[in-house]
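Written below as structure tokens is the structure these notes are about.
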Amino acid sequence: MTAQPVPVAVEVPPPQPEPAPRPDGWDRLWARLRSLFVPSVTVSAVLAAKGEEDAAAAVLQLYDWERDRLLTLAKGAGAAAVTVLTGLVASAFKAEIEAAWVVYPAAGLVVLLLGWGGFLLTGLHRLAEEYTTALELVR
Amino acid sequence: MIAASVSANAASALIVIFAVLAALVVVLFLGAMALSWQHRRRRARGAYARDLERAITGIRGVTPAGGRPELGRAAVLTIGDLVADPDLRRTAARKPASSTPERAFPTLG
């Protein structure tokens with residue numbers, strides 16, 4: 001009589017989920033460009049704050065930084081617009097610009113910068129909506 | 001006279017620099033608009049939701065120990081995207097598979 005081999009239970013590891021595709025260069029460029037125009041507190045940062053003892057305070061700190069960043073950007077855009085305008089007025093007094101057409105895009109820059117700063121300031125109200133959503137996430 | 005000429009040339013150069021800057025700012029705005037369109041399209045197709053769900057439900061093996069949550073492409077998502085898309089918000093609010101939040105989402109720093 002030959003001994004039958006005893007079946008041994010082999011533990012099969014559960015299938016691991018495939019990691020999500022990494023963000024490419026365009027994604028990173030988009031993340032950078034977006035932060036120039038709208039509040040950009042990432043979901044990743046808020047989820048990371050979830051494990052903190054005082055997650056609500058961490059989220060508040062994130063939004064505090066974001067508000068400061070946007071306000072600084074808006075003030076910088078406004079100040080740059082004033083600088084360009086001053087340069088245009090000063091050069092108008094000299095009236096010795098060889099290619100007069102360059103004045104128009106330069107004047108357009110004033111409008112663009114003022115519009116940019118205004119867009120940032122009017123978009124600050126989004127911080128309030130986003131803050132409550134971020135709090136819901138960490139609770 | 002030389003000083004006046006230099007000053008006029010400087011003013012002229014300054015205006016040219018402003019014009020070039022205007023062109024750069026326009027390119028920046030147009031680039032941001034194009035990438036924004038791509039981002040919205042991807043969000044509407046649910047690509048970010050899938051990445052986010054994969055990262056949150058199957059957190060094991062996806063989150064490196066001691067690191068920040070690996071959300072893949074969804075790492076570019078902001079809270080503004082969650083405000084705009086309720087489905088994404090529900091996905092992000094889902095509890096991770098791991099029992100303790102510390103394991104699933106390691107602390108900052």
Side-chain angles (χ1 to χ4, degrees), chain A residues 14 16-24 26-31 33-34 36-52 58 80 84 87-88 90-91 93-99 101-110 112-113 116 126 129-131 133-134 136-137, chain B residues 4-5 7-9 11-12 14-23 25-26 28-29 31-32 35-36 38-39 47 50-52 54-62 68-83 88-89 92-93 96 100-108:
Chain A
Q16 294 289 319
E18 281 188 26
R22 309 275 303 167
D24 59 16
W26 291 110
D27 291 327
R28 281 192 286 272
L29 179 65
W30 162 237
L33 282 183
R34 178 181 48 196
L36 294 175
F37 300 99
V38 290
S40 301
V41 176
T42 60
V43 173
S44 166
V46 172
L47 289 180
K50 208 171 184 174
E52 289 287 310
V84 175
L88 276 174
S91 64
F93 279 115
K94 304 268 182 199
E96 287 184 24
I97 299 168
E98 288 170 12
W101 64 270
V102 293
V103 172
Y104 297 108
L109 181 61
V110 177
L112 284 174
L113 289 171
W116 188 357
R126 293 181 192 178
E129 299 167 10
E130 293 187 11
Y131 178 60
T133 306
E136 279 173 25
L137 264 189
Chain B
S5 171
S7 171
N9 282 340
S12 187
L14 194 64
I15 299 302
V16 172
I17 289 170
F18 288 158
V20 172
L21 278 179
V25 170
V26 167
L28 186 81
F29 285 5
L35 288 172
S36 161
Q38 186 203 32
H39 175 76
R50 279 194 297 276
D51 287 355
L52 198 57
R54 205 169 353 176
I56 286 176
T57 55
I59 206 77
R60 191 180 150 83
V62 178
R68 293 167 65 90
E70 276 291 331
L71 300 182
R73 271 181 315 189
V76 299
L77 285 178
T78 62
I79 301 296
D81 289 314
L82 301 192
V83 171
L88 269 179
R89 189 161 64 235
T100 57
E102 285 80 10
R103 275 183 59 205
F105 301 113
T107 56
L108 284 170

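Convention: sequence-line order gives letters A, B, ...; per-chain numbering from 1.
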Query raised in the report: A:P105 and B:A19: which non-hydrogen atoms are nearest, and at how many Å?
Result: CG-CB, 3.8 Å

Report task. Please work out whether the ring planes of B:H39 and A:W30 are parallel, tilted or perpendicular, with thresholds of 30° and 60°. Result -> tilted

Report task. Identify which of B:L82, B:I17, B:V16 forms the greatest number of heavy-atom pairs closer than 4.5 Å to chain A. Result -> B:L82

Query - Beyond-backbone contact of A:D27 with B:L35, side-chain heavy atoms, under 4.5 angstrom - result: no

Requested in this report: Kindly determine whether A:T42 and B:V76 satisfy side chain to side chain contact (heavy atoms under 4.5 Å, CB included), including the steps that lead there.
Outcome: CA-CA 7 Å; A:T42 60; B:V76 299; over 6 Å; no

Query raised in the report: Taking every heavy-atom pair that is under 4.5 Å apart, which of B:A75, B:A23, B:S36, B:G31 has the most such pairs with chain A?
Result: B:S36

Report summary line: Scored by heavy-atom pairs under 4.5 Å with chain A, the best of B:L14, B:V26, B:V20, B:L28 is B:L28

Report task. Kindly give the heavy-atom pair with the smallest separation between A:G87 and B:F18, and that separation in Å. Result -> CA-CE1, 4.2 Å

Requested in this report: Grab the two heavy atoms, one from A:F37 and one from B:A32, that are nearest each other, plus how far apart they are.
Outcome: CE1-CB, 3.7 Å

Report task. Kindly indicate whether the side chain of B:V25, heavy atoms from C-beta on, has any atom under 4.5 Å from the side chain of A:L109. Result -> yes

Report task. Give me the one residue out of A:R126, A:E129, A:E130 that meets side-chain contact (heavy atoms from CB on, under 4.5 Å) with B:I79. Result -> A:E130

Report task. Side-chain contact test, heavy atoms from C-beta onward, threshold under 4.5 Å: evaluate it for A:V43 versus B:T78 and give yes or no. Result -> no

Report summary line: Those residues at least two apart in sequence (or on a different chain) that pass salt bridge (charged side-chain N to carboxylate O under 4.0 Å, His left out) with A:R34 are B:D81

**Report entry** CG-CG distance between B:L21 and A:L113, expressed to the nearest 0.5 angstrom
**Finding:** 8.5 Å

